[in-house]
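Here the structure comes first, spelled out in structure tokens, and everything after it is commentary.
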Amino acid sequence: MNIKVEKEEGKTIVFLSGTIDIPSAENLKKSLHEFLEDEMEELVIDFGEVESIGSSGIGALLLTHKEFIARGIKFKIENVNKEIRALFKIIKLDKLFNL
């Protein structure tokens with residue numbers, strides 16, 4: 001998994017690519033956690049180039065979502081492919097992640 005970040009006024013966009021598996025989920029969690037120190041109103045995670053996500057990746061997103069929402073920061077996931085979107089729908093995360 002690769003991570004690229006763009007910052008706009010009040011908004012941080014994180015572009016992910018590749019597969020989010022056990023090792024990369026931990027890296028993702030650490031990377032996103034660093035943004036908690038930034039002054040922002042919204043975090044957007046772009047899944048445009050994410051091929052697949054495992055349970056550890058979903059767990060990292062859930063934990064991160066909880067931390068950002070608790071601080072009043074909007075958390076959104078965009079550009080999710082149809083396979084991952086279907087997975088999120090089955091486990092009822094499509095509404096939580098504001099897809």
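For the pair Glu6 and Lys4, the salt-bridge criterion is met [side-chain N within less than 4.0 Å of a carboxylate O].
Listed by chain and residue number, nothing satisfies the side chain to side chain contact (heavy atoms under 4.5 Å, CB included) test with Glu9 (two or more places apart in sequence, or in another chain). With sequence neighbours excluded, the residues that form a salt bridge (Lys or Arg N to Asp or Glu O under 4.0 Å) with Glu78 are Lys76. Partners of Asp38 according to the salt bridge (Lys or Arg N to Asp or Glu O under 4.0 Å) rule, which considers only residues two or more places apart in sequence or in another chain, are Lys7. Shown here are the ring pair (Phe, Tyr, Trp, His ring centres under 6.0 Å) partners of Phe88, two or more places apart in sequence or in another chain: Phe97. Legend: residues meeting side chain to side chain donor-acceptor pair (under 3.5 Å) with Ser24, ordered by chain and number and at least two apart, are Asp21. In this structure, Lys66 has no salt bridge (Lys or Arg N to Asp or Glu O under 4.0 Å) partners at least two apart in sequence or on a different chain. In this structure Ile69 satisfies the side chain to side chain contact (heavy atoms under 4.5 Å, CB included) test together with His65, Phe75, sequence neighbours excluded. For Lys89, the salt bridge (Lys or Arg N to Asp or Glu O under 4.0 Å) test picks out no residue, with sequence neighbours left out.
In this structure, the side chains of Phe35 and Thr64 stay at 4.5 Å or more apart for every pair of heavy atoms. Between Met1 and Thr19, every side-chain heavy-atom pair lies at or beyond the 4.5 Å cut-off. Side-chain contact between Asp94 and Arg85 is absent, with no heavy atoms from C-beta onward closer than 4.5 Å.
Closest approach of Asn27 and Ile3 over heavy atoms only: ND2-CD1, 4.2 Å.
Ile13 and Leu16 fall into different hydrophobic clusters, defined by Ile, Leu, Val, Met, Phe, Trp and Tyr side-chain heavy atoms under 4.5 Å apart, directly or through other members. No chain of hydrophobic side-chain contacts below 4.5 Å, direct or via other Ile, Leu, Val, Met, Phe, Trp or Tyr residues, connects Phe15 to Phe68.
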Indicate every side-chain donor-acceptor pair of residues 41-63 with a distance under 3.5 Å to a residue at least two apart or in another chain.
{"residue": "Asp46", "atom": "OD1", "partner": "Gly48", "partner atom": "N", "Å": "2.7"}
{"residue": "Asp46", "atom": "OD1", "partner": "Asn79", "partner atom": "ND2", "Å": "3.4"}
{"residue": "Asp46", "atom": "OD2", "partner": "Asn79", "partner atom": "ND2", "Å": "2.6"}
{"residue": "Ser56", "atom": "OG", "partner": "Ile22", "partner atom": "N", "Å": "3.3"}

